[in-house]
Peer 1: 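If you scroll down you'll find the structure; I have some questions about it.
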Amino acid sequence: MADVFIPGSLEEAVDFLADHPTTAMPIAGGTDLLVDARTGRSRPERLVDLSGLRGIEGFELDGELLRVGALTRIRSIELDAELGRRATALVEAARVLGSVQIRTMATVGGNLCHGTPSAEMPPSLLVHDAVAEITGKGGQYSVPLAAFFVAPGRTVLAPGDLLTSVRARVPSSAAGSCYLRQTVRWSMDLAGVGVAASVHVEGGAVSNARVALCAVAPVPMVVTGAENAVMGTSLAPDALAEAGRRAAEACSPISDARGTAEYRRQVVSVLVPRALRIAWLRATGSWPEGSPAPVNGVWTRE
Ligand SMILES: Cc1cc2nc3c(=O)[nH]c(=O)nc-3n(C[C@H](O)[C@H](O)[C@H](O)COP(=O)(O)OP(=O)(O)OC[C@H]3O[C@@H](n4cnc5c(N)ncnc54)[C@H](O)[C@@H]3O)c2cc1C
């Protein structure tokens, strides 16, 4: 059994972690960490309970800037109507994560800091050019989210560092995004492939595009080649197919219980064009307001 330290402030949490760099770990919702402790993947002697810390929970939209506190529960993202319009991919990713019980406990920060290659939050934040804001013993610093993930289970965080929030750019008009994933089971399964896409449309053509993947490389990845394939186009089928082909080529999936590497590449080549197309339809107002993307590429009853 680990001792639990309940800090009164962010500074106290950082100090405690810095004083016990090899034995203490932060805990937020505990949905990853408690499983890790039970399976022996992590053996913290001291847990620093972040859940009572004020100022790093919840999210706010200020113009085009979205700031999501690390302690924000996945469930509160899933249920927010304004985010559903402005950061649709993020809400769609939240919607398929685990179960209601898991989403009620799980935090955005925990999802990012655990560094799971299939984690649901990174792709839909990466397509909004997200930046991680971190506080450590030496003060505060920022890292582009694309550079935050180092290897499976590893991020740039040094012992004692805490992720405090993520800021992202969320355009207010002529933009749309989408998150699609493939799983073996319909629910309570990790992504075999996860794809987020966002597009900004000006004058009938894509003026900005982002494509990001999870579960098909050691870390979540942005696929610049796929983005370039659709820039300046009106997403004709050949441009979409090229984006899918480039994404499939760029990723490096493994073969495991969720599918072979070859199968995953094929799924990437299908889901990337589909996610881009849905993002386009949303950006141009042609997608039914509030209508979610299909799960596993198939429409389900809600
Ligand atoms: C049954 C089940 C189903 C799941 N399904 C999915 C799924 O479909 N998709 C998916 O992506 N995930 C899934 N998960 C994983 C998990 O729920 C998420 O990764 C969750 O968001 C983790 O958040 P947490 O607050 O519970 O993290 P915790 O378990 O509290 O922490 C996770 C890690 O991050 C560190 N940490 C937490 N917060 C911070 C911080 N602010 N700064 C620095 N380090 C921090 C902790 O020390 C720990 O190493 C599932 C888990 C379970 C048990």
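Start at 1 with the first residue, then count along the sequence. Quick caveat, the model's predicted, so the values are computed rather than measured. Note that ligands are numbered from 1 as they come in the structure, with each ligand's atoms numbered from 1 the same way.
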Peer 1: Under 4.0 Å between a side-chain nitrogen and a carboxylate oxygen: does that hold for R95 and E78?
Peer 2: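 A salt bridge is absent here (no side-chain N lies under 4.0 Å from a carboxylate O).
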Peer 1: Show me which atoms of ligand 1 lie under 4.0 Å from any heavy atom of G29.
Peer 2: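 It comes down to these atoms of ligand 1: 24 (P), 25 (O), 26 (O), 30 (O).
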Peer 1: List every atom of ligand 1 that sits less than 4.0 Å from any heavy atom of L33, numbering the atoms from 1 in the order shown and giving each element.
Peer 2: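 Here the atoms of ligand 1 in question are 29 (O).
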Peer 1: Of all heavy-atom pairs between A293 and W287, which one has the smallest distance, and what is that distance?
Peer 2: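 Here A293 and W287 meet closest at CA-CZ2, 4.4 Å.
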Peer 1: Give the residue and atom name of whichever protein heavy atom lies nearest to atom 21 (O) of ligand 1, and the separation in Å to one decimal.
Peer 2: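 Nearest neighbour among protein heavy atoms for atom 21 (O) of ligand 1, to 0.1 Å: T107 O, 3.0 Å.
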Peer 1: Can you check whether C113 has an N/O within less than 3.5 Å of an N/O in ligand 1?
Peer 2: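 No.
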Peer 1: Any nitrogen or oxygen of L97 lying under 3.5 Å from a nitrogen or oxygen in ligand 1? Just yes or no.
Peer 2: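 No, L97 has no N/O under 3.5 Å of an N/O on ligand 1.
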Peer 1: Classify the contact between D189 and ligand 1 as side chain, backbone, both or neither, using a heavy-atom distance cut-off of under 4.0 Å.
Peer 2: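 Only the backbone of D189 comes within reach of ligand 1.
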Peer 1: May I ask you to identify the nearest protein heavy atom to atom 19 (O) of ligand 1, giving residue, atom name and distance to one decimal place in Å?
Peer 2: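 In this structure, atom 19 (O) of ligand 1 has D32 OD2, 2.5 Å as its nearest protein heavy atom.
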Peer 1: Does any N or O atom in M188 lie less than 3.5 angstrom from one in ligand 1, N or O only?
Peer 2: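 Between M188 and ligand 1, no N or O pair is found under 3.5 Å apart.
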Peer 1: Taking all non-hydrogen atoms of both residues into account, name the closest pair between V108 and M121 and its distance.
Peer 2: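 Result for this residue pair: CG2-SD, 4.3 Å.
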Peer 1: How long is the gap from CG on L126 to CG on L213, to the nearest 0.5 Å?
Peer 2: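 L126 CG to L213 CG: 9.5 Å, rounded to 0.5 Å.
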Peer 1: Suppose I only count heavy atoms of T31 and a 4.0 Å limit; which atoms of ligand 1 are within that range?
Peer 2: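 With T31 as reference, the close atoms of ligand 1 come out as 16 (C), 17 (O), 18 (C), 20 (C), 22 (C), 23 (O), 24 (P), 26 (O), 29 (O), 53 (C).
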Peer 1: Any idea which atoms of ligand 1 are less than 4.0 Å away from a heavy-atom of A119?
Peer 2: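 Under 4.0 Å from A119, ligand 1 has these atoms: 11 (O).
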Peer 1: Decide yes or no on side chain to side chain donor-acceptor pair (under 3.5 Å) for R46 and T23, but give the supporting numbers first.
Peer 2: CA-CA 6 Å; R46 299 174 173 87; T23 55; 2.9 Å; yes
Peer 1: If hydrogens are left out, which of V35, N111, L190, I56 has an atom nearest to atom 18 (C) of ligand 1, that is, the closest non-hydrogen atom?
Peer 2: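 Ranked by closest heavy atom to atom 18 (C) of ligand 1, first place is N111.
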Peer 1: How close do G136 and V14 get, counting heavy atoms only, and between which atoms?
Peer 2: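 Answer, listing the atom of G136 first, then V14: C-CG1, 3.5 Å.
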Peer 1: For ligand 1, which atoms sit closer than 4.0 Å to a heavy atom of L163?
Peer 2: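 Here the atoms of ligand 1 in question are 40 (C), 41 (N), 42 (N), 43 (C).
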Peer 1: Would you mind telling me if ligand 1 is within reach of the side chain of V108, the backbone, both or neither, using heavy atoms under 4.0 Å?
Peer 2: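 No part of V108 is near ligand 1 at this cut-off.
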Peer 1: Report yes or no: does a heavy atom of T183 sit under 4.0 Å from some atom of ligand 1?
Peer 2: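 The answer is no, since T183 has no heavy atom less than 4.0 Å from ligand 1.
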Peer 1: Which residue supplies the protein heavy atom nearest to atom 11 (O) of ligand 1, what is that atom called, and how far is it?
Peer 2: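 Sorting protein heavy atoms by distance from atom 11 (O) of ligand 1 puts E120 N, 2.8 Å first.
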Peer 1: Could you give me the CA-CA distance, side-chain angles and deciding distance for D15 and K137, then say whether side-chain contact (heavy atoms from CB on, under 4.5 Å) is met?
Peer 2: CA-CA 7 Å; D15 285 346; K137 192 75 178 155; 2.8 Å; yes
Peer 1: Check step by step if side-chain contact (heavy atoms from CB on, under 4.5 Å) holds for L180 and R274.
Peer 2: CA-CA 8 Å; L180 296 174; R274 198 173 290 174; 3.8 Å; yes
Peer 1: Taking distance alone, with N or O pairs closer than 3.5 Å, would you say D161 contacts ligand 1?
Peer 2: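 The answer is no, given that D161 and ligand 1 share no N or O pair closer than 3.5 Å.
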Peer 1: Should L50 and L71 be marked as a side-chain contact (heavy atoms from CB on, under 4.5 Å) after you check the CA-CA gap, both sets of side-chain angles, and the distance that decides it?
Peer 2: CA-CA 8 Å; L50 306 181; L71 273 185; 4.1 Å; yes
Peer 1: Measure from atom 5 (N) of ligand 1 to every heavy atom in S99, P117, G98 and give the option owning the shortest one.
Peer 2: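 Ranked by closest heavy atom to atom 5 (N) of ligand 1, first place is G98.
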Peer 1: Below 3.5 Å, N or O to N or O, backbone or side chain included: is there any such pair between I102 and ligand 1?
Peer 2: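 N/O-N/O distance below 3.5 Å does not exist for this pair.
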Peer 1: Would P26 count as being in polar contact with ligand 1, using the rule that some N or O on each side must be under 3.5 angstrom apart?
Peer 2: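 So ligand 1 has an N or O lying under 3.5 Å from an N or O of P26.
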Peer 1: L157 heavy atoms, cut-off 4.0 Å: which ligand 1 atoms fall inside?
Peer 2: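 What qualifies from ligand 1 is 43 (C).
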Peer 1: For ligand 1, which atoms have a heavy atom of M25 less than 4.0 angstrom away?
Peer 2: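 By the 4.0 Å cutoff, the relevant atoms are 47 (O), 49 (O).
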Peer 1: Under a 4.0 angstrom heavy-atom cut-off, which atoms of ligand 1 come close to I27?
Peer 2: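 Matching atoms, with element in brackets: 30 (O).
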Peer 1: Would A28 count as a polar contact of ligand 1, with the cut-off being nitrogen or oxygen pairs under 3.5 Å?
Peer 2: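 Yes, since at least one N or O of A28 sits under 3.5 Å from an N or O of ligand 1.
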Peer 1: Between the side chains of E262 and R265, is the shortest nitrogen-to-carboxylate-oxygen separation below 4.0 Å, so that they form an ion pair?
Peer 2: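 No, R265 and E262 are not salt-bridged.
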Peer 1: Testing the basics here: between C178 and A275, what is the closest heavy-atom pair and its distance to 0.1 Å?
Peer 2: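 Distance-wise, the nearest heavy atoms are CB-O, 3.6 Å.
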Peer 1: Do E133 and T164 pair up side chain to side chain, a donor and an acceptor below 3.5 Å, judged on atom types alone?
Peer 2: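 Looking only at side-chain atoms, T164 and E133 do not form any donor-acceptor pair under 3.5 Å.
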Peer 1: Can a salt bridge be assigned to the pair D256 and R264 using a cut-off of 4.0 Å between side-chain N and carboxylate O?
Peer 2: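 Looking at D256 and R264, the cut-off is met.
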Peer 1: Which heavy atom of the protein is the closest neighbour of atom 28 (P) of ligand 1, given with residue, atom name and distance?
Peer 2: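 Checking every protein heavy atom, the shortest distance to atom 28 (P) of ligand 1 gives G30 N, 3.5 Å.
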Peer 1: Within the structure, is a non-hydrogen atom of R181 found at a distance of less than 4.0 Å from ligand 1?
Peer 2: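 Right, R181 reaches ligand 1.
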Peer 1: Among all protein non-hydrogen atoms, which one is nearest to atom 27 (O) of ligand 1, and what is the separation to 0.1 Å?
Peer 2: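 The closest heavy atom on the protein side is G110 CA, 3.4 Å.
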Peer 1: Could you pull out the closest heavy-atom pair between A283 and G176, with the gap in Å?
Peer 2: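 Looking at all heavy atoms of both residues, the shortest contact is CB-N, 3.5 Å.
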Peer 1: Taking everything shown except F16 itself, do over 12 heavy atoms lie less than 6.0 Å from its CZ?
Peer 2: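 Yes, CZ of F16 has more than 12 neighbouring heavy atoms, counting only those of other groups under 6.0 Å.
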